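Bear in mind the structure is a predicted one, so any value in this text is a computation, not a measurement. Naming: A, B, ... by sequence-line order, numbering from 1 per chain. Worth knowing before you read on, the calculation uses all heavy atoms, side chains too, and leaves out hydrogens, waters and symmetry mates.
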Amino acid sequence: PAEQYAIQTGVHPAISTEKNIQMYRTQMKNIGFSYDWSREIKTCDPDYYKWTQWIFIQLFKNYYDLADRSAKSIDELIEYFEDHGSEGHTAFGNLEKEFTASEWQSFNTKKKEDILMNFRLAYRQTTYVNWCEALGTVLANDEVKDGLSERGGHPVVQKPMLQWSLRITAYAERLLNDLKELDWSDSLKTMQENWIGRSEGAQVFFEIAGHDDNIEIFTTRPDTIFGATFMVLAPEHELVESITTNTKEVEAYLEYVKTRTDRERIADTKRVTGAFTGAFAIHPFTGKKLPIWIAEYVLKDYGTGAIMAVPSDDERDQDFAEKFDLDIINVVDKTGYEDSDVHDKVGTMINSGVLNGLEVEEAIKKIIDLIEDKGLGKKKVNYRLRDANFSRQRYWGEPFPIVYDKEGVPETVSLDELPVELPELDDYKPTSEGKSPLARDEEWMNLEDGKKRETDTMPGFAGSSWYYLRFMDPHNEDRFASGKSVDYWKSVDLYIGGTEHAVGHLMYARFWHKFLYDKGYVPTVEPFEKLINQGMIQGLIEYLYLRKEKTNGRSHFMCAGIVKKEGNEEDYIKIPVLIDYVNNYGSPASYLDQNSIDQFIDSRPEFEDAIFECTRGVYVDGKFEAHRPENSDSHLLTHSEIGKMSKSKFNVINPDVVVEEYGADVFRMYEMFLGPIEASKPWDTHGIDGVAKFLRKFIDLFFNDEDQLDVSGDAPSKEELKILHNTIHKIEEDIERFSFNTCVSTFMIAVNDLRKLNSNNRFILTELVKLLAPFAPFTCEELYERLGHDNSIHTTNYPVFDPSKVKEEEVVYPISINGKKRGEATFSADADKAQIENDILENDIVKKWADGKSVKRVIVVPGRMINVVIQ
RNA sequence: GCCGAAGUGGCGGAAUUGGUAGACGCGCUGGAUUCAAAAUCCAGUUCCUUCACGGGAGUGCGGGUUCGAUUCCCGCCUUCGGUACCA
């Protein structure tokens with residue numbers, strides 16, 4: 001019924017007609033409030049992902065030309081190879097061996113493709129993934145905790161897989177340089193700068209004793225080369241296998257490294273591990289033999305995956321040398337640089353042959369010259385940024401528009417075959433061998449002539465990297481967006497997004513945009529001109545403690561109360577549990593009873609035979625075994641933490657509930673009122689009544705006690721105009737600086753003031769409704785119609801501030817004595833400074849405080865304050 | 001460790017360029033209305049002291065600059081976010 005709905009939506013009964021309830025419902029739906037936040041499956045729209053596939057094809061068919069720093073067609077590169085071979089190429093990438101034009105022509109398709117893969121912006125390479133044998137899937141880094149899967153607690157190992165990557169590193173320099181022009185927060189720019197991580201140094205090749213291959217290293221401190229006493233390779237380094245003679249030791253070590261995720265290898269600074277390969281490198285300047293080690297602290301993906309270790313000037317090298325008893329040679333004398341530490345590039349070179357006596361800075365220049373002269377290597381810029389892994393072994397994602405021939409050479413499907421659609425499957429899980437679910441559909445995968453489709457799918461950031469362009473021309477069937485529309489809309493003027501996207505989404509989108517710019521498809525270099533980081537609405541996450549060690553082969557959950565009492569949290573992994581199952585959600589005493597444990601098991605069948613232990617007893621196999629007869633139910637305390645609201649944390653609160661109770665306008669304004677847009681805070685509805693009350697009071701201004709529209713057509717009073725224009729002024733300013741919480745306060749003040757005046761002036765209220773319309777669009781649309789208009793309020797002109805309407809004749813000045821406010825005094829608004837300085841000395845308050853002391857100085861800031869200095 | 005942000009009543013927060021600290025809202029207290037409650041309205045609400053007038057202290061801590069500091073500078077502490085054996 002209308003009345004009921006009106007109360008629920010916080011709408012004044014006077015304006016809740018059936019028609020408007022209908023309007024609310026459709027409009028809420030239109031702006032997304034009907035979205036079902038809990039649904040698990042994303043919809044993939046082929047009309048949209050067709051163009052994601054199309055962009056992928058462009059990436060595949062292009063390479064990055066270092067000469068003019070832009071993307072160029074692979075076909076042009078092939079032409080170049082046909083005419084000149086590899087000689088003089090400036091393209092990005094490394095060729096294993098040089099080839100001539102005639103050699104190129106003699107290569108077969110496979111060989112040619114292997115070479116081209118070194119250049120393509122979308123290419124295939126072997127990458128390591130977190131593989132969980134028990135679950136049969138690849139896991140994301142944050143799904144792995146302490147070498148175990150977050151789901152189920154099974155062991156996770158590093159597994160090499162041939163996967164698609166995007167060569168974002170090609171754009172590293174432009175991504176870095178173009179940051180300067182963007183209207184983004186400094187903190188966000190800094191994050192991207194650090195993520196790109198540009199460092200200048202030298203590439204140096206070290207010969208291996210009794211071996212043909214060289215070890216290529218990158219160092220930012222080539223000056224310390226005389227202090228290099230050993231070499232370290234990443235355990236995955238391709239040379240490890242061929243140079244190793246200490247086979248047993250190395251194999252054992254590699255087994256160990258497999259169990260360590262990247263994140264752990266990096267985070268666990270204190271753990272110093274490694275193995276000696278048995279091989280030696282030759283120092284290019286001294287000819288000394290340097291033992292070659294492998295160690296997890298050297299990362300396969302940074303630099304060249306190999307270092308020269310200088311224990312005297314690098315902390316990690318030093319720890320390593322000390323643990324394994326390796327030589328340390330001091331090469332930088334830091335006396336004279338008292339406050340400097342190992343990280344500072346200062347000091348005087350010692351024990352360094354030709355470099356002796358030079359300052360570090362000079363030494364770096366000189367040694368690079370020497371290295372280049374001797375053909376040992378060259379000056380090089382290195383980036384921390386890595387190419388983006390672009391393959392997922394999941395169902396939901398864009399299929400690759402790629403077909404492999406019999407020899408496994410990838411080719412793109414022709415454009416008229418787009419979109420390559422996802423096949424319908426009976427089972428959406430990856431296959432037992434860890435192959436993508438799409439491999440289950442043999443008919444879809446296998447094509448004529450032994451050709452096969454790529455069965456991996458693209459990650460979530462594929463589609464999200466360019467959606468803003470599709471918004472510019474969403475129904476275009478010939479192009480991702482027409483040239484006309486991208487020329488018209490250009491970049492996104494204002495992008496509002498969370499900091500969590502700082503180095504992910506925002507980096508990928510910039511990369512794609514720059515690529516499309518290179519190819520002439522968009523007119524701008526950057527996708528997002530101005531960026532505001534809105535804070536996240538957080539939620540309370542409820543965790544169960546799961547023992548890392550199973551008990552008799554069964555998963556074992558422990559009551560949070562027991563865990564905290566014993567203080568051994570490190571023995572447990574925290575498993576998030578759906579908040580709907582939790583009793584007393586939000587209180588410190590939140591817990592699961594038998595019923596909720598059953599629900600939990602239903603949703604997570606892998607815990608079917610788990611043990612749930614609490615102080616009252618043990619719940620296992622659907623039975624509760626009480627420790628004492630009076631305990632009849634389980635009481636498994638959960639551990640509560642504030643964190644982001646996320647499906648993976650099972651703590652999403654559906655805004656529909658709030659909308660149902662208060663209406664979309666109140667919900668919208670309350671979110672604004674919570675605090676500054678950048679601030680993150682837990683969702684808390686305690687103050688929402690204040691906003692609901694405000695909106696009701698505002699509506700009440702229009703109606704009499706019988707709920708009839710009752711507005712006065714008189715000319716507005718001076719007082720009323722002053723309230724209106726003060727409000728317009730403040731709202732104008734606050735919108736400009738995205739301070740929506742203070743906008744809401746300003747509206748509240750205006751309404752309170754008008755109520756005090758018993759104002760119901762038509763002109764004033766009409767202007768106020770327009771002013772409020774962006775904040776409470778539904779209510780304002782309705783009120784505007786009630787005032788007799790038949791156009792939409794959202795098409796009217798926004799009120800404009802008129803300073804003459806707020807001019808005061810008198811100003812109340814605060815009087816401060818020695819900076820502390822002691823009273824007030826009223827002066828005419830046009831009183832001049834000298835006048836006030838003079839008159840204030842006769843003021844009672846000043847006299848009282850000056851009693852027996854002298855007035856030393858009077859400071860008057862016109863229109864603001866008066867300060868009297870007394871001594 | 002590094003990078004970034006922040007620290008203000010019981011709570012969310014305001015104070016825009018160095019100029020009245022605590023706007024606005026929640027909560028709480030008292031009152032009106034009511035048979036009563038909810039709702040609504042009115043008043044109060046930083047802390048200490050005082051019957052009151054008034055006075056003192058006060059924006060994480062310790063210093064400094066200034067007539068005047070939540071705001072600027074120096075040194076600490078804490079929290080949050082990001083990130084990392086980056087050679």
Side-chain angles (χ1 to χ4, degrees), chain A residues 185-195 197 199 201 217-222 224 228 232 262-263 265-272 295-299 301-310 313-317 319-320 343 382-386 498-500 502-503 533 535-536 538 642 644 670 673-676 678-682 684-691 693-694 696-697 700 730 733-734 736-737 739 741-749 752 755 812-824 856-861 863-871:
Chain A
S185 71
D186 287 339
S187 60
L188 205 84
K189 285 187 187 181
T190 313
M191 269 192 224
Q192 289 218 339
E193 271 165 30
N194 294 343
W195 187 261
S199 55
I217 62 118
F218 172 76
T219 176
T220 54
R221 296 296 304 274
T224 62
V232 187
D262 273 16
R263 210 169 260 196
R265 285 171 59 173
I266 289 158
D268 201 352
T269 321
K270 285 181 205 99
R271 193 189 296 225
V272 180
E296 58 179 327
Y297 83 86
V298 173
L299 303 178
D301 294 324
Y302 183 76
T304 61
I307 61 159
M308 65 170 193
V310 184
D313 280 271
D314 184 291
E315 277 169 304
R316 298 144 314 172
D317 295 349
D319 292 346
F320 198 82
H343 305 287
N382 192 58
Y383 296 95
R384 200 189 73 106
L385 184 72
R386 296 170 200 176
T499 7
E500 74 272 22
V503 293
N533 284 128
M536 263 189 291
Q538 298 165 311
I642 287 179
K644 68 172 175 183
Y670 181 60
F673 190 57
L674 273 175
E678 315 87 30
S680 289
K681 55 178 66 71
D684 172 14
T685 53
H686 272 107
I688 201 164
D689 280 338
V691 176
K693 257 189 254 178
F694 153 74
R696 237 172 281 148
K697 284 189 208 168
D700 275 342
K730 180 94 171 102
E733 281 180 345
D734 285 359
E736 281 296 322
R737 61 188 181 108
S739 178
N741 54 332
T742 52
C743 283
V744 178
S745 301
T746 304
F747 283 120
M748 288 172 168
I749 294 167
N752 290 344
R755 273 164 65 90
V812 180
Y813 281 90
I815 303 173
S816 290
I817 310 292
N818 294 338
K820 189 91 190 161
K821 190 195 164 192
R822 295 300 176 185
E824 286 173 346
K856 223 186 142 198
R857 209 174 144 187
V858 176
I859 293 136
V860 173
V861 182
R864 296 224 75 135
M865 47 73 67
I866 299 164
N867 190 21
V868 182
V869 185
I870 290 167
Q871 218 171 37

- Task: Please measure how far the P atom in A52(B) lies from the corresponding atom in G58(B), and state the result in whole Å.
- Result: 23 Å

- Task: Establish, with yes or no, whether the OP1 or OP2 oxygen of U16(B) is under 4.0 angstrom from a side-chain nitrogen or oxygen of Arg864(A).
- Result: no

- Can you tell me the pairing partner of G75(B) across any strand shown, Watson-Crick or G-U wobble, with both distances under 3.5 angstrom? C61(B)

- Pairwise P distance for A38(B) and G30(B), with rounding to whole Å: 13 Å

- Message: Less than 4.5 Å apart, side chain to side chain, heavy atoms only: is that true for Thr219(A) and Met308(A)?
- Response: yes

- Message: Can you tell me how far apart CD1 (Ile307(A)) and CG (Asp314(A)) are? Round to the nearest 0.5 Å.
- Response: 6.5 Å

- Does Arg755(A) have a side-chain nitrogen or oxygen under 4.0 Å from the phosphate oxygens OP1 or OP2 of C41(B)? yes

- Re G27(B): Watson-Crick or G-U wobble partner, both distances kept under 3.5 Å, found to be U45(B)

- Task: Sticking with atom C1', work out how far A6(B) lies from U70(B), rounded to a whole angstrom.
- Result: 13 Å

- Item | Partner nucleotide, any strand, of U17(B) [Watson-Crick/G-U, under 3.5 Å] | none

- Message: I want to confirm an ordering. Mapping Gly675(A) and Ile688(A) to their closest nucleotides on RNA chain B, which one lands closer to the 5' end?
- Response: Gly675(A)

- Base paired to U40(B) (Watson-Crick or G-U; both N/O distances under 3.5 angstrom): A32(B)

- Using atom CD of Glu733(A) as one end and atom P of U17(B) as the other, report the distance to the nearest whole Å. 10 Å

- Grab the CD1-C1' distance between Ile859(A) and U20(B) for me, whole Å please. 15 Å

- Between C86(B) (P) and Tyr383(A) (OH): distance, integer Å: 19 Å

- Integer angstrom distance from the P of A23(B) to that of A36(B): 34 Å

- Message: Please tell me if Arg737(A) has a side-chain N or O lying less than 4.0 Å from either OP1 or OP2 of A15(B).
- Response: yes

- Query: Can you find a side-chain donor-acceptor pair between Asp313(A) and Thr224(A) that sits under 3.5 Å?
  - Reply: no

- Integer-rounded Å distance: C67(B) C1' and Met865(A) CE: 8 Å

- With distance as the sole criterion, do the side chain of Lys730(A) and the base of U16(B) form a donor-acceptor contact below 3.5 Å? yes

- Considering just the side-chain nitrogens and oxygens of Arg857(A), establish if one lies under 4.0 Å of OP1 or OP2 belonging to C67(B). yes

- Item | 5'-most by nearest nucleotide on RNA chain B - Ser739(A) or Thr220(A) | Ser739(A)

- Message: Pairing check on C86(B): which nucleotide meets the Watson-Crick or G-U wobble criteria with it, both distances under 3.5 Å?
- Response: none

- Message: Rounding to an integer number of Å, can you tell me how far Glu678(A) CD sits from A14(B) P?
- Response: 9 Å

- Query: Under 4.0 angstrom, heavy atoms only, what part of the nucleic acid is Thr304(A) near: base, sugar-phosphate, or nothing?
  - Reply: nothing

- G10(B) glycosidic conformation (syn if within 90° of 0, otherwise anti) is anti

- Item | Rounded distance in Å between the P positions of G82(B) and U45(B) | 42 Å

- G18(B) and A69(B): how far apart are their P atoms, nearest whole angstrom? 14 Å

- Query: Are Arg316(A) and Val272(A) close enough that some pair of their side-chain heavy atoms sits under 4.5 Å apart?
  - Reply: no

- Within this structure, what is the CD1-to-C1' distance between Ile815(A) and G68(B), rounded to whole angstrom? 15 Å

- Note on the structure: To the nearest 0.5 Å, atom CZ of Arg696(A) lies from atom CG of Asp689(A) at 7.5 Å

- Go ahead and name the base partner of G9(B); Watson-Crick or wobble counts if both distances stay under 3.5 Å, otherwise write none. none

- Message: Counting the atoms with a prime plus P, OP1 and OP2 as sugar-phosphate, which does Met748(A) contact under 4.0 Å by heavy atoms, base, sugar-phosphate, or nothing?
- Response: sugar-phosphate

- Nearest-angstrom distance, C1' atom, C42(B) to G4(B): 48 Å

- Item | Aromatic ring pairing Phe218(A)/Tyr302(A), orientation class (parallel under 30°, perpendicular over 60°, tilted between) | perpendicular

- Rounded interatomic separation in angstrom, taking NZ from Lys693(A) and P from C42(B): 10 Å

- Query: Is G4(B) paired to anything, Watson-Crick or G-U wobble with both distances less than 3.5 Å, and if yes, which nucleotide?
  - Reply: C80(B)

- Atom CH2 of Trp195(A) and atom C1' of C86(B): how far apart are they, to the nearest Å? 12 Å

- Query: So what does Asn752(A) touch, heavy atoms closer than 4.0 Å: a base, only the sugar-phosphate, or nothing?
  - Reply: sugar-phosphate

- Check every strand shown and say whether Asn741(A) touches a base, only sugar-phosphate, or nothing at a heavy-atom separation below 4.0 Å. sugar-phosphate

